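See below for the structure under consideration.
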Amino acid sequence: MGYPFQDIEHKWQTYWAENKTYRVAQPSNKPKFYVLDMFPYPSGAGLHVGHPLGYIASDIVARYKRHKGFNVLHPQGYDSFGLPAEQYAIQTGQHPAITTETNIKRYREQLDRMGFSFDWSREVRTSDPSYYRWTQWIFSLLFDAWYDKKQNKARHIEALIAHLEQYGTKDLEAVCDADTPTCTAQEWENMDKGQKQMLLLYFRLTFLAETEVNWCPALGTVLANDEVVQGVSERGGHPVERKKMKQWSMRISAYADRLLEGLDAMDWPEPLKEMQRNWIGKSVGSNVRFTIENSERQIEVFTTRPDTLYGVTFLTLAPEHEWVHELTTIEQKLEVDAYIAQSAQRSERERMSEVDRISGVFTGAYALHPLTKEKLPIWIGDYVLAGYGTGAVMAVPCGDQRDFDFATHFNLPIKNIFKGVDVNEAAHTAKENTIIDNSDFLNGLSFTEATQKVIKVLEEMGMGKGATTYRLRDAVFSRQRYWGEPIPVYYIDGKPQLVPDECLPLELPEVSKYLPTADGAPPLGNAAEWAWDTKQNKVVSNLKIDHKTIFPLEKNTMPGWAGSSWYFYRYMDAQNPNAFAGEEALNYWREVDLYLGGSEHATGHLLYSRFWQYFLFDFDLVPVANFAKKLINQGMILGESAFMYRIPETQTYLSKGLCKGKNVIPVHVDVSLVSAQNELNIDGLKKWQPHFSDANFELENRKYIVGREVEKMSKSKYNVVNPDAICDQYGADTLRMYEMFLGPIEQAKPWNTAGISGVSNFLNKFWRLFHDGDAFNVSDEHPSKDSLKTLHKTIEKVTQDIEQFSLNTSVSAFMIATNELTSQKCNHRKILEPLTILLAPFAPHICEELWSLLGYKSSITTATYPIPNPDYLQDDTKKYPVSFNGKMRFTLALSTSLSKDEIEVAVMGDDRTQSYLDGKTPKKVIVVPNKIVNIVV
RNA sequence: GCUGAAGUGGUGGAAUUGGUAGACACGUUGGACUUAAAAUCCAAUGAACAGUAAUGUUCGUGCGGGUUCAAGUCCCGCCUUCAGUACCA
């Protein structure tokens with residue numbers, strides 16, 4: 001029988017909870033270490049074995065650092081605003097807060113069973129008013145801020161107002177978007193309050209604007225770009241369409257450059273940084289203006305290849321471009337209108353599946369080339385996107401493949417401007433080693449030279465200038481949902497006003513229904529009390545709205561990423577009623593030292609959080625701009641789904657081996673009904689879902705064998721493995737070690753219990769080593785040299801592995817050590833003590849028990865981490881490859897303690913060496929740094 | 001298409017970063033204990049060939065080349081898988 005893990009685990013979990021063992025002292029004179037997991041959304045399905053992978057790894061580091069003498073902050077909490085609880089509320093009428101509370105309770109039970117060392121006194125929940133009060137506060141801060149490009153930081157809006165009073169919008173061009181109105185100081189002074197407010201909205205870091213958004217009719221809400229996957233909503237897979245709406249946005253684009261440049265210095269995984277770089281998508285080039293024939297208008301295009309300006313043969317505008325209607329000639333009008341209507345109808349999804357399709361229409365208008373004054377036809381094509389650059393391109397068919405295809409398709413001219421390059425078949429897109437030709441003053445220049453020269457000439461002419469564009473869009477911040485943070489804003493004559501800071505939190509009101517209202521307003525429109533009384537400074541009934549002192553409140557709520565963009569600071573000082581975190585706490589903990597989470601958050605949470613941190617840093621509210629020193633992406637644990645195979649239109653299921661060449665429909669079955677050998681438990685199946693009771697099964701070798709496929713773990717695929725079941729059968733320590741043993745932490749892998757007995761055996765063996773029957777049995781004698789060697793080798797290896805985050809190999813190191821100690825029959829106290837502390841981060845319960853059997857109190861605070869003794873680490877011999885006259889012949893074991901002369905002797909003394917030497921005396925023996933012994937005869 | 005990661009036994013995965021490939025574990029086979037089973041312990045286990053045997057030889061890290069005394073590791077060219085992204089001018 002194995003060791004009594006159930007008793008032990010229960011005993012210590014109770015002990016830790018009662019003694020508040022993991023509560024963190026602050027401040028402390030110890031060095032700090034902050035290790036954090038991305039907090040979970042508490043879903044109704046509970047935790048599956050995939051969730052804890054990262055938590056176990058971070059818990060191991062946290063426990064290790066504690067033993068190493070660090071003051072470790074290792075908190076946990078819940079990202080508890082979210083769509084599923086709201087959808088459940090819509091279906092059942094149960095308040096999302098109740099659903100959330102229930103789910104959190106379940107999560108907590110599951111987490112506690114795995115023996116995590118979280119300091120629960122610092123728990124945060126994003127849906128708790130005492131928490132989202134500060135989310136709202138940061139929103140207000142962003143509202144009262146603008147980005148000063150000259151100082152390259154965010155500043156208070158008062159500084160902008162001062163500027164406007166003195167200079168108007170002069171010198172602010174670089175700060176704002178192209179469509180920002182301009183004014184003089186005088187004009188500013190003459191504006192009324194509302195007009196001023198509207199102008200300021202063009203500068204505020206969170207602002208209200210008419211934006212084209214991803215509208216999901218099925219969910220009744222707006223989705224962020226990263227919540228839309230392949231044209232359908234990430235959650236639920238509903239279709240998404242483009243729609244213009246008045247929305248709150250966050251001016252993340254102001255930080256595009258800093259977000260990009262900041263990446264270089266960060267210790268985050270390179271693939272993740274690359275994803276963020278692509279997402280920000282910086283392109284350097286220039287804007288070029290083209291005068292329209294017979295018009296005052298100029299069309300501005302963005303290009304990354306100004307050097308190819310002489311290769312332009314036509315212009316293409318996006319169908320949504322604002323001047324399309326104005327430009328189109330009467331003859332072309334019908335055709336153009338039809339094209340615009342048709343492309344507006346095409347969904348994102350269709351656009352994507354028809355990438356190859358070339359479509360477009362001529363407007364009838366012409367532009368003039370800024371240098372040659374040639375007439376260039378203006379076309380419309382949906383390969384040009386309204387939302388990127390200026391929504392217009394200069395088409396250079398010889399240098400861009402899409403322009404080339406478009407030109408070929410519509411028989412437009414193609415002009416070659418590259419020396420010695422054939423552009424009859426395809427465009428020449430390479431920049432390097434290309435010489436510009438046929439381009440007047442640019443002839444003979446390279447890409448770089450030509451680019452610089454063209455931009456200079458265009459700038460002198462006033463027809464263009466160097467420009468940079470980003471793919472990164474401002475983030476839409478409004479959601480038409482109930483279960484989110486209320487936006488602390490009310491409206492006077494449609495102009496947004498902040499709810500005063502001292503009145504926060506602005507708490508979520510009760511509503512009669514969680515659906516949008518009949519007239520399409522968000523769910524908060526259903527609230528009876530949702531108006532702001534500016535006299536009393538409180539929420540009052542909607543009926544009292546008089547637009548004099550009582551005004552309507554904002555009905556949108558914040559998106560899911562709002563609360564998760566700053567939560568790591570709240571853990572530092574979770575109970576503080578006066579600040580999001582106190583100064584003392586912020587200056588002590590500073591930033592997260594190690595952050596663990598999935599790479600799926602690369603362009604969402606991790607980018608938005610960086611944005612907010614830069615902003616808070618600009619306002620001197622946090623000590624560092626970078627919130628996480630080191631980041632590790634743990635790989636996802638996938639499920640191994642099981643399938644039965646049904647013959648269509650029957651209740652007959654074929655065992656996997658019988659399906660060959662037959663038309664069968666795979667049907668998911670619950671993985672808990674399947675053995676490790678893929679045999680289906682048919683009786684269990686019939687009990688699981690009664691409609692299988694009259695099914696027929698065609699067996700092979702009297703067994704029904706299921707098919708397997710690796711998929712994401714999900715309730716609907718019946719492939720979820722609950723960690724509780726593993727804890728029941730093997731214990732939490734085994735689960736913890738097995739999840740680490742599965743492979744490198746960063747790697748995605750399917751969950752498979754095939755190997756778990758190996759880890760379980762190891763813990764039992766380790767236990768038995770120090771037990772005689774049921775009795776604890778250690779020897780106080782001095783351990784043998786071999787045992788000490790085993791011990792110190794293991795200390796060194798495991799310590800290195802934890803530092804390098806190679807936790808799978810450290811589990812192996814423990815297994816090797818236990819095997820060696822077993823064969824040495826070593827049960828010495830002096831071995832067990834350090835080994836227990838070494839193993840404690842991985843298997844805390846069994847180690848606490850052994851530690852107390854050794855006669856000590858809880859190891860968490862009393863034990864210090866062992867240090868390897870180098871005396872026991874040296875091997876007696878080292879193996880060197882030996883080469884003769886530069887040719888390697890064989891490997892020779894040499895004592896490490898030998899001097900250079902002695903090495904020669906050792907070489908000479910070896911039989912095989914002698915036979916190679918063939919009686920000759922070596923001229924010299926060279927020991928080179930890479931451990932090769934060279935013998936020159 | 002672009003960007004990134006990865007391809008090693010029947011399986012999960014090691015390999016001190018250029019130096020005995022396959023650690024550790026699962027699985028499999030054989031053995032011990034047992035009336036029996038479970039549990040536990042011991043041994044073998046990349047492939048092929050030769051040998052009664054100890055052992056020896058050859059081949060082996062997706063494919064094809066290259067550098068080197070020496071390549072899973074470095075270089076060049078391919079193939080495959082996974083992830084992100086996509087008419088981004």
Side-chain angles (χ1 to χ4, degrees), chain A residues 1-2 226 229-230 269-279 281-283 285 288 301-306 308 315-316 318 351-352 354-359 381-385 387-396 399-403 405-406 429 469-472 599-600 602-603 633 635-636 638 676-677 710 737-738 741-744 746-762 764-765 768 796-797 800 806 808-819 822-823 879-893 930-932 934:
Chain A
M1 269 281 115
D226 40 306
V229 178
Q230 309 220 316
E270 200 50 51
L272 187 138
K273 292 205 277 186
E274 199 56 35
M275 268 197 245
Q276 293 207 343
R277 283 189 195 107
N278 290 337
W279 192 259
K282 181 175 181 172
S283 311
V288 183
V301 304
F302 173 73
T303 178
T304 54
R305 297 291 305 273
T308 62
L315 302 185
T316 314
R351 278 204 187 193
M352 274 203 272
E354 295 170 25
V355 165
D356 300 335
R357 203 180 81 165
I358 296 164
S359 74
D382 65 3
Y383 79 97
V384 181
L385 304 177
Y388 185 78
T390 60
V393 301
M394 58 177 224
V396 185
D400 183 284
Q401 192 56 43
R402 286 175 325 248
D403 294 345
D405 294 339
F406 197 85
T429 53
T469 42
Y470 299 88
R471 206 186 78 100
L472 182 71
S599 61
E600 67 270 20
T603 55
N633 288 132
M636 205 184 319
L638 304 163
Q677 286 73 44
V710 174
M737 293 198 84
Y738 183 58
F741 184 70
L742 273 175
E746 300 92 343
Q747 202 171 298
K749 56 224 151 200
W751 176 259
N752 185 333
T753 47
I756 199 167
S757 60
V759 174
S760 177
N761 286 346
F762 150 71
N764 282 320
K765 245 187 207 174
R768 274 200 309 272
E796 167 145 293
K797 171 80 177 139
Q800 263 178 22
S806 169
N808 55 330
T809 51
S810 42
V811 176
S812 294
F814 283 118
M815 292 179 175
I816 295 168
T818 307
N819 288 343
T822 304
S823 63
K879 286 165 183 172
Y880 297 114
V882 176
S883 70
F884 284 85
N885 295 341
K887 302 263 183 206
M888 215 278 272
R889 291 301 161 94
F890 55 87
T891 307
L892 186 62
N930 61 352
K931 299 179 192 168
I932 299 173
N934 276 310

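Since this is a predicted model, take the numbers as computed values, not measurements. Letters A, B, ... mirror the listed sequences (proteins, then strands); counts begin at 1.
Separating the P atom of B:rG9 from that of B:rU3 is a span of 29 Å, rounded to the nearest Å. B:rG62 sits 28 Å from B:rG56 when the P atoms are compared, rounded to a whole Å. Nucleotides B:rC63 and B:rG7 place their C1' atoms 12 Å apart, quoted to the nearest Å. A gap of 16 Å separates the P atoms of B:rG64 and B:rU8, to the nearest Å. With both ends at atom C1', the span from B:rG4 to B:rU58 equals 40 Å, rounded to whole Å. Of the C1' atoms belonging to B:rU28 and B:rG12, the separation is 16 Å, rounded to the nearest Å. Taking atom P in both B:rC26 and B:rG13, one finds a spacing of 16 Å when rounded to whole Å. With both ends at atom P, the span from B:rU16 to B:rA6 equals 15 Å, rounded to whole Å.
For A:Lys282, the salt bridge (charged side-chain N to carboxylate O under 4.0 Å, His left out) criterion is met by A:Asp257, not counting sequence neighbours. Not counting sequence neighbours, the partners of A:Phe814 by the ring-ring contact (aromatic ring centres under 6.0 Å, His included) test are A:Phe842. Residues passing the side chain to side chain donor-acceptor pair (under 3.5 Å) test with A:Asn278, sequence neighbours excluded: none. For A:Tyr738, the ring-ring contact (aromatic ring centres under 6.0 Å, His included) criterion is met by A:Trp751, not counting sequence neighbours. Taking the salt bridge (charged side-chain N to carboxylate O under 4.0 Å, His left out) definition, one finds that A:Lys273 meets it with A:Glu270, sequence neighbours left out. Contacts of A:Glu746 classified as side chain to side chain donor-acceptor pair (under 3.5 Å), with partners at least two apart in sequence or in another chain: none. For the side chain to side chain donor-acceptor pair (under 3.5 Å) test, no residue two or more places apart in sequence or in another chain qualifies with A:Ser757.
Side-chain proximity of A:Arg768 to the nucleotides B:rA89, B:rA25, B:rU40 is greatest for B:rU40. When each of B:rA23, B:rA89, B:rA5 is scored by its nearest atom to the side-chain atoms of A:Ser283, the top-ranked nucleotide is B:rA89. Of the candidate nucleotides B:rA23, B:rA89, B:rA25, B:rA89 has the atom lying nearest to any side-chain atom of A:Val384.
OP1 or OP2 of B:rA86 has at least one side-chain nitrogen or oxygen of A:Arg471 nearer than 4.0 Å.
Nucleotide B:rG1 holds its C1' atom 13 Å from the CG atom of A:Asp400, rounded to whole Å. Rounded to an integer number of Å, the gap from CD of A:Gln276 to C1' of B:rA83 is 16 Å. Here B:rC42 presents its C1' atom at 11 Å from NZ of A:Lys765, a figure rounded to the nearest Å.
Place A:Ser823 and A:Val393 on RNA chain B by their nearest nucleotides, and A:Ser823 ends up nearer the 5' end. If you find the closest nucleotide of RNA chain B to A:Asn761 and to A:Thr304, the one lying nearer the 5' end belongs to A:Asn761.
When all heavy atoms of A:Asn633 and A:Pro269 are compared, the pair lying nearest together is OD1-CG, 3.4 Å.
Stem regions annotated for RNA chain B: B:1-7 with B:79-85, B:10-12 with B:24-26, B:27-32 with B:40-45, B:46-50 with B:55-59, B:62-66 with B:74-78, counting only runs of 3 or more consecutive pairs of Watson-Crick or G-U type with both contacts under 3.5 Å.
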Kindly give the atom pairs (protein nitrogen or oxygen, nucleotide nitrogen or oxygen) under 3.5 Å for nucleotides 10-15 of chain B.
residue : atom : partner  : partner atom : Å
B:rG12  : O2'  : A:Leu742 : O            : 2.9
B:rG13  : OP1  : A:Gln747 : NE2          : 2.6
B:rG13  : O3'  : A:Asn808 : ND2          : 3.4
B:rA14  : OP1  : A:Asn808 : ND2          : 3.0

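The residue A:Asn819 sits close only to the backbone: its heavy atoms come under 4.0 Å of sugar-phosphate atoms, none of a base.
A syn base is found at B:rU17: its glycosidic angle is within 90° of 0.
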